[in-house]
Structure formats: structure tokens, C-alpha cells
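Counting starts at 1 for both ligands and their atoms, in listed order. Note that these values count all heavy atoms, side chains included, but never hydrogens, waters or copies made by symmetry.
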Amino acid sequence: MARMTLPNGKTIITASLNGAFVTKDMNPNTPEQPAEIAQAALECYNAGAAVVHIHARDEKGKPTGTKEKFDEIHQAVRGKCKEVIIQFSTGGGAELSLEERMACLEMKPEMASLNMGTLMRQTGPTAGQPFSNMTKDIEAWATKMLENGTKPEMECYSQSMFRDVENLIKKNLLKPPYYCSFVLGMIHQGAIPANPDTLMSMRDFLPEGSYFNTIATSVAQLPVTTMSMILGGAARVGLEDNIYYSRGELAKSNAQLIERTARIAKELNLEPMTPAEVRELLGVEHR
Ligand code: KMH
Ligand code: ZN
């Protein structure tokens, strides 16, 4: 099978700015409001990120899924930074309905996450609530993205989820090149750990014509995303996936995590791609 790697000497860094789970109590530097998200996006772009992955929060910091809030965030980010690729999350948060998780697509974002299968939450107040991503819903999200010219980043939490990637390809619901993320180390049932073996194994399942990105949680973020860059893949780092800079030391900002990954990339003779280069490579429309 032809395995796609990023152009020689290049990598892509995505900043996962906030997520749905991390609160300011966990790390006070988590951006929640549109102005904070925009400032973080600018700092991450300056540090080498080409893409910013964003979840919306309401005034109290709770995950929300209204078109108005995504509009506000979009304007705030673009007001600060014209270049960076804006990627909205359709993963949303535990309390959002499927409709709320789809609302961000009304904004026709340049990119959006597309979760490729269902997992079960097992801890905290949402234990027993599935993170539901059924095939019919994945197809509906993908169809909307195709209609709107939004590039999906397909989040695969285990090898089994490549079956749904193949399904979208078979049904012509994706434009090549494809972009798959390996999401490693989630605590949900159905996820797999973040380590070199799982990363290598996920890579074996990558469909032809797909670039890959790696998301790894907590202490695995740094080593496993670094390994992804070495293998010719992209790296996502940020507070959504890991709130620490090092063991016991909270990250001061998303940019601090991006700066380190950009520094490591350069030491490995890998240049972080600019947003314009990523748009060209993946076929992302600038908005
Ligand atoms: N929380 C991440 C590990 C999404 O937002 O659609 C996966 C994620 C999914 O970022
Ligand atoms: Zn996310």
C-alpha cells in the first residue's frame, strides 16, 4: 500500500487550543472566550502552528454549539490572524446534541474534525454516555463538509475506525488527499494507548492517498507526536490534549507547547509548513 508522507523536510503543527473537557480550574491558561481563543491562535501561529483546532465555550466556559458563538470566534481569530487555518471541532462536548455538534459547519470553516467511530465514556459525571459517531452521522457530517468546501480531519481512535474512513472513500464523500489523525491515549472504552507500537500499527491501516497527523494525550503528547513527525506525519499539540509542559508543571500557554514542538522539528531538519503551504497540500480553501 502506498504510504503518504509529508513533503521531504516538512511537517505540520496543529494547536489544539482548548477542547471541551479542560477547564480553567485544571489549567488557568486555557482559552475559553473568543478574545482569549484569538490571542492563543495568534501566538500559536507565530510559534509555528499552521492550524488551530477550536471548541466553542459559552460565557461560563461550558462547551456550546451555537452558530453565533462559532461566528464570534471566527471573527475574533481572523481579526487577529489572517493566515492561520481555522479548524472547528464537530466532536463538541459531552452534553451537546448531534445537531449542536454540526452547527459549526454552518460557518463553512476551512477545516473541521470528523470523528470516525463511537467510544464509551467511563469516568466522571458522563460515565455511560457514549461519544456517539455512528456511520450514518459520519456520512451526514462528511456530506455537509463536502458541500461547504470544508476539509475534514478524520479522527481515528483505534484501527477499527479506518473502516468508516474506507466507507467515506467508497461513497465519494471525501476529496483527496485525505487527512487522518491517530488519536492515541484517550481513556474512553474503545480507545488505544499512546505509544510507539500503537502509532506504527495505526500507520499500517492508513488508506492509500492519506496523510497522517498524531494526537496523543497527557505525558505521551511530546514523545508520540515527535515520533509522528519523524515518520513523515504531522503533530498536534495543545492544552486540549495535555495541560502540562512537563511532569507536574502546567503549561503556561498553548504557544509554549507549540514553540517546543517547532524547536524539536527544526532540530530534526523539519520545517513547520506555513498555513499557505498546508492549504496547497491538502486542498483547503482560504476563508
Ligand atoms: N479530544 C481529542 C482527543 C474533536 O474535537 O472532534 C479529540 C478531538 C475530537 O479533538
Ligand atoms: Zn477537539
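Under a 4.0 Å criterion applied to the non-hydrogen atoms of Met186, ligand 1 contributes the atoms 3 (C). Each of the following atoms of ligand 1 lies closer than 4.0 Å to a heavy atom of Gly91: 4 (C), 6 (O). Applying the 4.0 Å criterion to heavy atoms of Val183 picks out, from ligand 1, the atoms 3 (C). Below 4.0 Å from some heavy atom of His55 lie the following atoms of ligand 1, by number and element: 5 (O).
Using a cut-off of 2.8 Å, one finds that Glu155 contributes no N/O/S atom close to the Zn ion (ligand 2).
When only modelled atom types and interatomic distance are considered, Asn133 and Glu155 share no side-chain donor-acceptor pair under 3.5 Å. Between Glu110 and His286, the side chains place no donor N or O within less than 3.5 Å of an acceptor N or O (distance only, hydrogens not considered).
In terms of N/O distances under 3.5 Å, ligand 1 is approached by His53.
Using a 4.0 Å cut-off between heavy atoms, Asp241 contacts ligand 1 through its side chain alone, with no backbone atom that close. Only side-chain heavy atoms of Asn115 come within less than 4.0 Å of ligand 1; its backbone N, CA, C and O stay farther off.
Between Ile86 and Val77, the shortest heavy-atom distance links the atoms CD1-CG1, 3.7 Å. Of all heavy-atom pairs between Gly190 and Ser158, the closest is O-CB, 3.6 Å.
Around the Zn ion (ligand 2), the two atoms OE1 of Glu240 and NE2 of His53 are separated by an angle of 80°, to 10 degrees.
Distances from ligand 1 to the non-hydrogen atoms of Tyr157 include at least one value under 4.0 Å. In this structure, Arg236 has a heavy atom closer than 4.0 Å to ligand 1.
Among all non-hydrogen protein atoms, the one lying nearest atom 10 (O) of ligand 1 is Glu240 OE2, 2.7 Å. Among all protein heavy atoms, the one lying closest to atom 5 (O) of ligand 1 is Ser89 OG, 2.6 Å. The closest protein non-hydrogen atom to atom 6 (O) of ligand 1 is Ser113 OG, 2.6 Å.
One finds no salt bridge joining Lys69 and Asp58 here, because no Lys/Arg side-chain nitrogen approaches an Asp/Glu carboxylate oxygen to under 4.0 Å.
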Practice item. Before giving the answer on salt bridge (Lys or Arg N to Asp or Glu O under 4.0 Å), spell out for Lys151 and Glu285 the whole-Å C-alpha distance, their side-chain angles and the decisive distance to 0.1 Å. Key: CA-CA 8 Å; Lys151 182 83 185 173; Glu285 290 176 34; over 6 Å; no
**Study point:** Audit row: Arg203, Phe182, side chain to side chain contact (heavy atoms under 4.5 Å, CB included) steps and yes/no
**Key:** CA-CA 8 Å; Arg203 196 179 64 140; Phe182 310 147; 4.3 Å; yes
Exercise for review: Give the intermediate values and the outcome of side chain to side chain donor-acceptor pair (under 3.5 Å) for residues Ser181 and Asn213.
Suggested key: CA-CA 4 Å; Ser181 281; Asn213 176 40; 3.0 Å; yes
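For Tyr211 and Tyr178, the gap between ring centers reaches or exceeds 6.0 Å.
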